[in-house]
Amino acid sequence: MKDQPALRRCVAGELGEFANRYWGRRALLSRAAGLPAPYDDLFSLDAVDELLSRRGLRTPFLRIAKNGAVVGDSQFTGSAGVGAEVADQVRDDKVAALFASGHTVVLQALHRTWPALVDFATQLSTDAAHPVQINAYITPPESQGFAAHYDVHDVFVLQVAGEKHWTVHEPVHVDPLRTQPWTDHAQAVAAAARDQPPVVDDVLRPGDALYVPRGFLHSAKALGGVSAHLTVGLHTLTRYLLVQELAALAANQPALRTALPLGFDPGDPEQLAQVLPEVIELLTQEIQSASPDALAARLRVRTWTGNRPAPLRPLAHAASIASLAVGTTVRLRPGLRWRLVAGDPYVLQLPDRTITFPPSTAVALEALTSGTDYKVGDLPGLDEADQLVLVRRLLTEAVLVTTDQ
């Protein structure tokens, strides 16, 4: 298995064993002693204070809750003051009062707002090949933010500070989709959390990690001090996603685009029975004739944009394009999803577009997309002038970055 540094920070033991035995199937508690490092380089209580007091956060980057009840935004937001026509910025004084009264603070989308977690999410999405989001939960002593529930994505819980007691139960609805939230099964969730034995009933301390597959019921309570943990959500790509995109390809079949009869009632089973066999037959034909290339083209657009590649500093990047010269070292932009297709022309497929190149650039393109740093002038198969043209194009398309950014 390839090196997966971010995933290794979430799972103790062999990653191959985790992939085969636990991924999507079982919860796993990993103790700090079996993990590479604690998480204070990624986040801290000081980081929480900075985000809440100095970064001008707005909703929905913050939620506040207590015992399962979410507080209305108006209770902790207000005007940004002179010079900014913004009415929903976070009020640090109001957050402080709510936290002091036992409310949990949830910082959302930290993979977009906190630099260390931007980089971590970029690497983890590369390691796992599933889109990643990161929230932080900061809970006062002896408090609980949310009752037992399940998530519709897999989760790594990374304990940053304090201690939290976690209880995890088997699912009542296995492998839920994004459209199947726990509230659809609220009574069954409550009953299982009350009556069934847990599969995890333990305390997480700083540096510990817990893997909770989607659908598994979980709840947590802070113990003697302030607790902070990162919830790293992996938005799992499922086989149902392929079904959805296969059905979307059926829009290419003219017979499936025809109108239903005038006056047709789609809520009447007897009327449906008159047209359903033909629709099923046509859909089956389309699915059976669908090509992997056509399906992959749709999936690239839908899934490759789930996570952004590594941040690009616009001014520095523009300067690197302007100053490009023989001897400049460049590398593939971390976290960028791409696919290179040989042919005439060579095609570089990106999340939102494709770029074509003459076959003469093939060897240089393969070198530049290999993940190895290269100096302009050292690329194979092209003279220096052509290397400059190729690299400038890839810098302009934000495929490459210079190593000094």
Exercise. side-chain contact (heavy atoms from CB on, under 4.5 Å) between Leu210 and Leu28: does it pass, once the steps are laid out?
Worked result: CA-CA 6 Å; Leu210 175 65; Leu28 175 65; over 6 Å; no
For this session: May I have the step-by-step check of side chain to side chain donor-acceptor pair (under 3.5 Å) for Arg337 and Gln349, ending in yes or no?
Result: CA-CA 8 Å; Arg337 301 297 300 268; Gln349 297 172 338; over 6 Å; no
Problem set entry | Trace of the side chain to side chain donor-acceptor pair (under 3.5 Å) decision for Thr231 with Asn135 | CA-CA 5 Å; Thr231 293; Asn135 297 344; over 6 Å; no
For this session: Go through the steps for Ile355 and Arg393 under the test side-chain contact (heavy atoms from CB on, under 4.5 Å), then give the verdict.
Result: CA-CA 10 Å; Ile355 313 171; Arg393 173 79 186 283; 2.8 Å; yes
Exercise. What's the verdict on side-chain contact (heavy atoms from CB on, under 4.5 Å) for Asp386 and Leu379, showing C-alpha distance, side-chain angles and the deciding distance?
Worked result: CA-CA 10 Å; Asp386 286 341; Leu379 291 169; over 6 Å; no
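Applying the side chain to side chain contact (heavy atoms under 4.5 Å, CB included) rule to Asp378 yields the partners Lys375; only residues at least two apart in sequence or on another chain are considered. For Leu237, the side chain to side chain contact (heavy atoms under 4.5 Å, CB included) test picks out His130, Pro131, Leu241, Thr303, with sequence neighbours left out.
Within a 6.0 Å sphere centred on CZ of Arg54, other residues, nucleotides and ligands contribute 12 heavy atoms or fewer. The neighbour count for Tyr240 OH, taken as heavy atoms of other residues, nucleotides or ligands under 6.0 Å away, does not exceed 12. The 12-atom threshold is not exceeded at CZ of Arg239, counting heavy atoms of other residues, nucleotides or ligands nearer than 6.0 Å. Within a 6.0 Å sphere centred on CD of Glu278, heavy atoms belonging to other residues, nucleotides or ligands number 12 at most.
Salt bridge annotation for Glu17-Arg21: present, with a cationic side-chain nitrogen under 4.0 angstrom from a carboxylate oxygen. Here Asp151 does not pair with Arg214 in a salt bridge; the nearest charged N to carboxylate O distance is not below 4.0 Å. Electrostatic pairing of Asp49 and Arg55 does not count as a salt bridge here, judged by no charged N lying under 4.0 Å from a carboxylate O.
Summarising the geometry of Asp175 relative to Gln180, their closest heavy-atom pair is O-OE1, 4.3 Å, with the distance given to 0.1 Å. Contact detail for Ala47 and Trp114: the closest heavy-atom pair is CB-CZ2, 3.3 Å. Closest non-hydrogen pair, Gly263 versus Gln271, comes out as O-OE1, 4.0 Å. Closest of all the heavy-atom pairs between Gly207 and Leu35 is O-CD1, 3.3 Å. Summarising the geometry of Phe216 relative to Ala27, their closest heavy-atom pair is CE2-N, 4.2 Å, with the distance given to 0.1 Å. Listed here is the closest heavy atom pair of Ala109 and Phe61: CB-CE2, 3.8 Å.
Between the side chains of Thr328 and Thr402, no donor-acceptor pair is found at a separation under 3.5 Å. Inspection of the Gln123 and Asp127 side chains reveals an N or O donor paired with an N or O acceptor under 3.5 Å. At a cut-off of 3.5 Å, with distance as the only test, no side-chain donor of Asp373 or Thr403 sits close to an acceptor on the other residue.
Formation of a donor-acceptor pair under 3.5 Å by the Gln144 side chain with backbone atoms of Phe146 is found in this model. Between the side chain of His169 and the backbone N or O of Gln196 there is at least one donor-acceptor pair closer than 3.5 Å. Not a single donor-acceptor pair under 3.5 Å links the side chain of Arg300 to the backbone N or O of Leu350. A donor-acceptor distance shorter than 3.5 angstrom exists from the side chain of Thr77 to the backbone of Asp73, with no hydrogens or angles considered. Within the 3.5 Å criterion, the main-chain N or O of Thr167 finds no donor-acceptor partner in the side chain of Lys221. For Thr126 (side chain) and Thr122 (main-chain N/O), a donor-acceptor pair under 3.5 Å exists by modelled atom type. Remark: side-chain polar atoms of Gln387 are paired, donor with acceptor, to backbone N or O of Leu382 under 3.5 angstrom. No donor-acceptor pair closer than 3.5 Å links the side chain of Asp208 to the backbone N or O of Arg31. Within the 3.5 Å criterion, the main-chain N or O of Tyr137 finds no donor-acceptor partner in the side chain of Thr139. For the pair Thr372 (side chain) and Leu368 (backbone), a donor-acceptor distance under 3.5 Å is absent.
Atom-to-atom distance recorded for Thr113:OG1 and Leu107:CG is 7.5 Å, nearest 0.5 angstrom. Note that CD1 of Ile134 is 7.0 Å distant from CG of Leu124, once rounded to the nearest 0.5 Å. In this structure, the separation between OH on Tyr150 and OG1 on Thr183 is 7.0 Å, given to the nearest 0.5 Å. Within the model, atoms CG of Leu98 and CZ of Arg91 stand 11.5 Å from one another, a figure rounded to the nearest 0.5 Å. Rounding to the nearest 0.5 angstrom, the gap separating the OG atom in Ser320 from the CG atom in Leu312 is 8.0 Å. Taking CG of Leu249 as the start and CD of Glu286 as the end, the distance is 8.5 Å to the nearest 0.5 Å.
Residue pairs that meet the side-chain hydrogen bond (donor to acceptor under 3.5 Å, both in side chains) test with at least one member in residues 33-45, sequence neighbours left out, are Arg9-Asp41.
In this structure, the side chains of Leu52 and Leu62 come closer than 4.5 Å at one or more pairs of heavy atoms. By the 4.5 Å heavy-atom criterion applied to side chains, His229 and Leu158 are not counted as neighbours. Side-chain contact between Phe120 and Pro5 is absent, with no heavy-atom pair separated by less than 4.5 Å. Residues Phe99 and Val48 fail the side-chain proximity criterion, which asks for heavy atoms closer than 4.5 Å. For the pair Val347 and Arg339, the minimum side-chain heavy-atom distance is 4.5 Å or more. Considering only heavy atoms from C-beta on, Leu390 comes within 4.5 Å of Leu365 through its side chain. Taking the side chain as every heavy atom from C-beta outward, Arg58 and Val86 approach each other to under 4.5 Å. Gln75 has its side chain out of reach of Ile64: every pair of non-hydrogen atoms, C-beta onward, lies at least 4.5 Å apart.
Side-chain rings of His218 and Trp182 stay apart, their centers remaining 6.0 Å or farther from each other. In this structure, the ring of Tyr211 has its center less than 6.0 angstrom from the ring center of Phe156.
For the side-chain hydrogen bond (donor to acceptor under 3.5 Å, both in side chains) with Ser227, the lone residue among Glu142, Arg205, Glu163, Gln159 that qualifies is Gln159. Gln133 pairs in a side-chain hydrogen bond (donor to acceptor under 3.5 Å, both in side chains) with only one of the listed residues (Arg112, His235, His111), which is His235.
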